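Report on the following structure.
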Amino acid sequence: MRLLVLLASLLNVFLLSVRGQTNLTQWPVHNTGFTDAIQWDHYSIIIGGVRTFLWSGEIHYWRIPVPEVWRDLLEKIKAAGFNGISVYAHWAFHAPNNKTLDFTSGARNFEPILDIAKEVGLFVTMRGGPYVNAETTAGGFALWTTTGAYGPLRNNDPRYTAAWTPFMDEINRITAKHQLTNGGPIVLTQIENEICCQRNSDGSLDTPVVDYMIDLQENARAHDVVIPIITNAPNFNTRSWSTDYLPGPGEQDIYGLDSYPLCWSCNLAECGSGSASTAYADHFDLVSPTQPSFLPEFQGGSYNPWGGPQGGCPDNIGTNFVSMYYRHLAAERVTAANLYMLFGGQNWGGLATNLVSTSYDYSAPIQESRIIADKFYETKLIGLFFRAAQDLVMTDRTPFSTAVATTPNVGATVLRNPETQAGFYVARQSDMKATTTVDFKLNIATKTTGNLTVPVFGNAIRLVGVQSKIIVSDFRFGNNTLVYSTAEVLSHSVVDGQSILALWLPDGEFGEFSILGGSKKREVISGTGGGFHQVGDNLVLSYKQQTTQSVLQFDNFRVLLLPRSLAYTFWAPTLTNDPIVTPETVVFVNGPYLVRSLALNGSLVAVTGDIANAATLEVFAPTTYTSLQWNGKTLATHKTSYGSLKASLPKPGLDAATLQKSLTLSGWKFSVALPEADAEYDDSKWVIADHLTTPNPTQPLTLPVLYADDYGFHTGVQIFRGRFAGEATGANLTVQGGTASGWSAWLNSDYIGSFPGIVSAASGALALSFENATLVSSGENVLTVVMDHSGHDQRDAALNPRGILGATLLSTSNTTFTKWTIAGNAGGESNIDPIRGVIAEGGLHAERLGWHLPGFDDSLWATRSPSDGIDNGTIAFFRTTSRLDVPIGYDVSLEFILNSPPGSVLRAQLYVNGYQYGKFVPQIGHQIAFPVPPGILNVRGENTIGLSLWSQTAEGAQVDVQWNVLGVYESAWDPGFDASALQPGWTAERLQFA
Ligand SMILES: *[C@@H]1O[C@H](CO)[C@@H](O)[C@H](O)[C@H]1NC(C)=O
Ligand SMILES: *[C@@H]1O[C@H](CO)[C@@H](O)[C@H](O)[C@H]1NC(C)=O
């Protein structure tokens with residue numbers, strides 16, 4: 001403690017001497033020592049010599065395991081103004097056992113996402129592990145490390161080191177291959193995630209953890225990873241691994257902080273009542289003053305936990321959140337941030353933890369169905385601004401103050417570029433959660449025109465509740481300067497050597513901007529709502545934002561004034577794939593739901609994108625271009641009076657209602673699927689559970705050890721069969737499948753009871769009576785326990801066992817179990833389906849025998865629908881096929897809706913072409929809607945749909961399964977690719993797993 005205090009006070013002396021000054025030369029420029037292609041200092045990351053605002057979003061290839069879909073998502077990310085993505089790997093996804101690493105099958109080869117990022121023009125932050133957290137099973141640890149045989153994990157234990165080294169060898173080999181210096185998109189790489197701490201509470205080094213971090217760094221460098229290694233601190237308090245803070249061993253190049261100011265969960269109670277700090281600038285000044293202020297994870301949304309609200313929590317973290325908090329990042333002088341998640345995707349198969357179920361939508365800007373809507377569009381407004389505001393990459397900061405505003409409880413944080421004096425006034429109400437509407441004027445200091453209170457002529461600036469605006473001053477665009485603008489800057493393009501500046505305001509609000517040096521020409525070409533004022537040499541336009549676009553021509557530039565409603569469908573595609581965008585490469589496009597790309601070709605402007613409705617396509621192209629092409633089709637084009645090209649995009653021929661009508665699910669086949677409950681069932685090929693010891697630190701209540709992981713089964717439903725001969729009246733069972741999991745038991749085929757699951761506990765203990773079951777008079781009885789599995793816990797809790805913790809017979813004659821057998825996923829760790837992987841399925845009879853796979857022959861099965869269900873406590877499986885014929889030229893978002901009668905107690909799993917893409921547990925809630933992406937679904941072809949239905953009551957259960965169309969888009973992106981390689985079919989090999 002003493003050492004810590006001493007060092008902290010020395011550090012404070014240092015900090016006092018540097019804080020608040022603008023002497024540029026005092027901030028050292030760092031590099032890794034291996035390359036200067038990427039440098040960094042107090043202000044920003046410098047990539048290829050260019051200061052860069054890194055605006056990035058998180059996407060996980062393993063949560064969208066269809067490489068073809070990655071292009072759709074990355075094009076959407078680029079279109080929203082981002083210049084980067086961040087990608088977690090997932091050790092368990094690649095390592096089914098301790099001898100196999102798969103980086104080649106299906107989505108396990110993630111190099112295409114790096115190639116597409118490069119093509120589309122996005123930097124990549126690689127976050128390879130070995131540990132990622134990510135609300136996924138065991139936080140991404142290889143599941144075979146959860147037994148305890150590799151130590152407590154995340155330290156320098158040689159067993160753990162030997163386990164992760166081959167995986168990180170491969171991650172780092174791929175990272176090096178695709179890093180910037182080798183022509184790839186990867187600019188940063190992270191080792192570990194949210195790991196605490198470098199030091200113990202007494203200030204001494206936590207050597208096992210420090211050595212682990214050194215080993216991880218050395219592994220990266222040994223594979224010629226030369227780019228900066230970053231860290232992602234879990235909170236404000238750990239203050240570990242920064243070279244600027246209590247320097248010591250194991251530190252990374254660039255320190256980062258993760259932050260979820262409005263709760264990382266849709267269940268707000270999980271975050272406690274205290275308000276999270278958003279004082280990032282102070283934190284970075286303390287912990288990493290010579291490094292850029294960097295948030296490797298900033299709230300993109302929130303995960304929806306088991307039992308959370310149906311549909312997630314988009315309202316809590318919607319457009320207002322985006323407006324306030326993403327601008328707040330700039331206010332805190334952050335110049336590198338990554339939204340977690342930008343696209344969440346799905347926890348298919350066994351990827352879920354006991355925190356969350358199938359959906360990982362995360363209420364993110366891009367929905368799990370891939371649909372973009374208001375949150376995406378609001379995010380695009382700020383993304384395009386960050387891209388256009390070149391002076392934002394180097395600023396000094398004056399903290400938030402109400403002194404700069406003319407209305408109480410309104411203020412701004414002021415950022416000023418020390419080289420150009422460009423100013424950014426990030427305005428908001430003092431209370432970031434205030435819902436009142438306030439009007440105010442702002443006292444600004446300009447380099448060119450002195451001190452002003454703006455707007456000078458027009459109506460005040462307005463903030464409607466949770467909203468923030470960035471008011472610029474001395475804003476440079478091309479050869480021109482805005483003295484100020486109370487409308488926000490959207491983007492900047494240069495065509496024919498002339499600038500076009502796009503400004504936006506909420507519809508009907510008032511704006512005012514001042515042009516330095518004025519303009520001889522001041523032609524309102526389209527729309528008005530305003531008046532000009534000459535102020536000294538400057539020209540001021542004060543206006544009310546119309547519901548249509550206004551276009552103004554000045555001496556050598558145009559200004560577009562857009563209402564928010566049109567700014568949402570305003571795009572700024574680029575002509576090159578350089579993630580660092582210069583205005584010369586930007587061409588403005590107006591109108592469609594999405595613009596993916598733009599190319600200039602002869603006299604043609606070729607635009608690609610998506611529409612759901614009729615739209616007008618408008619392009620601000622160089623004058624030599626005369627025709628517009630949309631998704632390869634040349635359009636009747638006319639030139640407007642202000643020089644843009646316009647054409648009509650007719651209403652698409654297919655709409656959601658029409659597609660919905662064409663979709664049916666019928667012809668269901670049915671089989672009971674619990675033969676294991678029969679005492680006579682042949683389980684001679686099952687694993688005998690006979691261990692009397694376990695490496696797990698949690699010791700079992702009874703022997704033998706019945707932890708599934710100890711026998712090589714790590715995911716999905718597991719089935720345990722215990723034999724006994726003699727008298728017994730019941731059994732005491734404690735079964736641990738994780739939060740919200742449940743279990744049921746049968747004695748000699750007779751259903752004897754269930755633990756339905758609760759969100760507050762990982763295990764359930766029951767005393768089950770044999771009263772309603774029949775014991776055999778001689779020979780063996782079999783108690784069958786089926787346990788659902790909601791994944792492994794994260795962090796050091798990953799070792800918490802899954803399986804039966806204790807099993808005792810209630811018997812007056814001391815009858816005991818004589819033998820236990822266990823079944824999990826077919827083949828255990830042997831990866832019999834290398835495409836879907838061991839993570840994909842569990843040990844239900846139907847899964848082991850491959851009934852969920854395409855091509856399984858169900859012709860002898862009875863006809864019965866899941867809505868007819870089952871009428872006792874058992875497990876059944878339903879199958880059908882459904883053909884989709886989505887026409888070429890359309891993208892669709894489809895989901896399945898599962899419903900059951902009120903009061904149902906059941907566990908159902910939905911399988912689409914062999915992938916488990918839905919887990920439905922109505923007694924827990926919340927999820928009833930299960931989107932399934934193309935590639936898992938064949939949008940032009942046959943689909944095999946399966947449903948496992950497990951009644952957890954003696955009364956049986958029913959589930960209604962329906963298609964639902966979420967969206968239909970005429971699209972440049974084709975969802976109808978051949979995905980057969982991702983959907984291997986049934987083979988007779990499955991029969992051995994009965
Ligand atoms: C800026 O800082 C450097 C390094 O601390 C110092 O040598 C230099 O004199 C300072 N310049 C000014 C103008 O204060
Ligand atoms: C791999 O796993 C097997 C089976 O659990 C075990 O016997 C073996 O020791 C492990 N090998 C290593 C190198 O950890």
Side-chain angles (χ1 to χ4, degrees), residues 89-103 105 108 128-131 137-173 192 208 211-212 215-216 218-219 222-223 350 685-700 703-716 718-720 736 789 791-793 796 798-804 820-834 837-843 848 992-993:
H90 193 298
W91 183 9
F93 187 61
H94 294 277
N97 54 57
N98 68 6
K99 292 180 292 295
T100 309
L101 278 172
D102 181 356
F103 284 88
S105 328
R108 283 167 183 78
Y131 184 75
T137 184
F141 283 129
L143 295 177
W144 41 268
T145 67
T146 65
T147 58
Y150 299 83
L153 311 177
R154 299 179 95 184
N155 65 11
N156 64 349
D157 188 312
R159 296 169 295 176
Y160 175 59
T161 310
W164 63 252
T165 299
F167 172 68
M168 290 308 289
D169 283 346
E170 192 62 11
I171 287 286
N172 284 318
R173 187 192 65 76
E192 252 291 344
D211 287 353
Y212 170 44
D215 288 347
L216 285 167
E218 285 179 352
N219 186 286
H223 289 84
K685 291 201 188 121
W686 286 27
V687 172
I688 298 168
D690 58 358
H691 297 184
L692 299 177
T693 61
T694 175
N696 199 298
T698 303
Q699 290 304 303
L703 292 173
V705 178
L706 296 173
Y707 299 169
D709 295 283
D710 289 31
Y711 301 96
F713 301 116
H714 308 298
T715 182
Q718 287 146 3
I719 305 184
F720 304 81
Q736 181 159 286
H789 195 308
H792 291 270
D793 295 323
D796 49 357
L799 270 51
N800 286 346
R802 295 289 180 260
I804 299 179
W820 282 92
T821 54
I822 174 171
N825 61 303
E829 294 180 350
S830 69
N831 208 31
I832 60 163
D833 181 347
V838 294
I839 206 110
E841 63 193 58
R848 300 198 317 274
Q992 67 186 291
F993 298 107

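Both counts, for ligands and for their atoms, begin at 1 and track the order of listing. Predicted, not measured: the structure shown is a model, and the values here were computed from it.
- R159 CZ to N98 CG: the interatomic distance, rounded to the nearest 0.5 Å, is 13.5 Å.
- Scored by the side chain to side chain contact (heavy atoms under 4.5 Å, CB included) test, T165 finds T161, D169, N219 as partners (sequence neighbours excluded).
- By the side chain to side chain contact (heavy atoms under 4.5 Å, CB included) test, P152 pairs with N155, D157, sequence neighbours left out.
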- Task: Could you go through the side-chain contact (heavy atoms from CB on, under 4.5 Å) check for W686 and F720 one step at a time?
- Result: CA-CA 10 Å; W686 286 27; F720 304 81; over 6 Å; no
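- Looking at residues two or more places apart in sequence or on another chain, you find a side chain to side chain donor-acceptor pair (under 3.5 Å) between D102 and T104, S105.
- If you look at ligand 2, the protein residues with a non-hydrogen atom under 4.0 Å away are N98, Y150.
- For the pair R154 and Y160, the cation-pi criterion (under 6.0 Å, within 45° of the ring axis) is not fulfilled.
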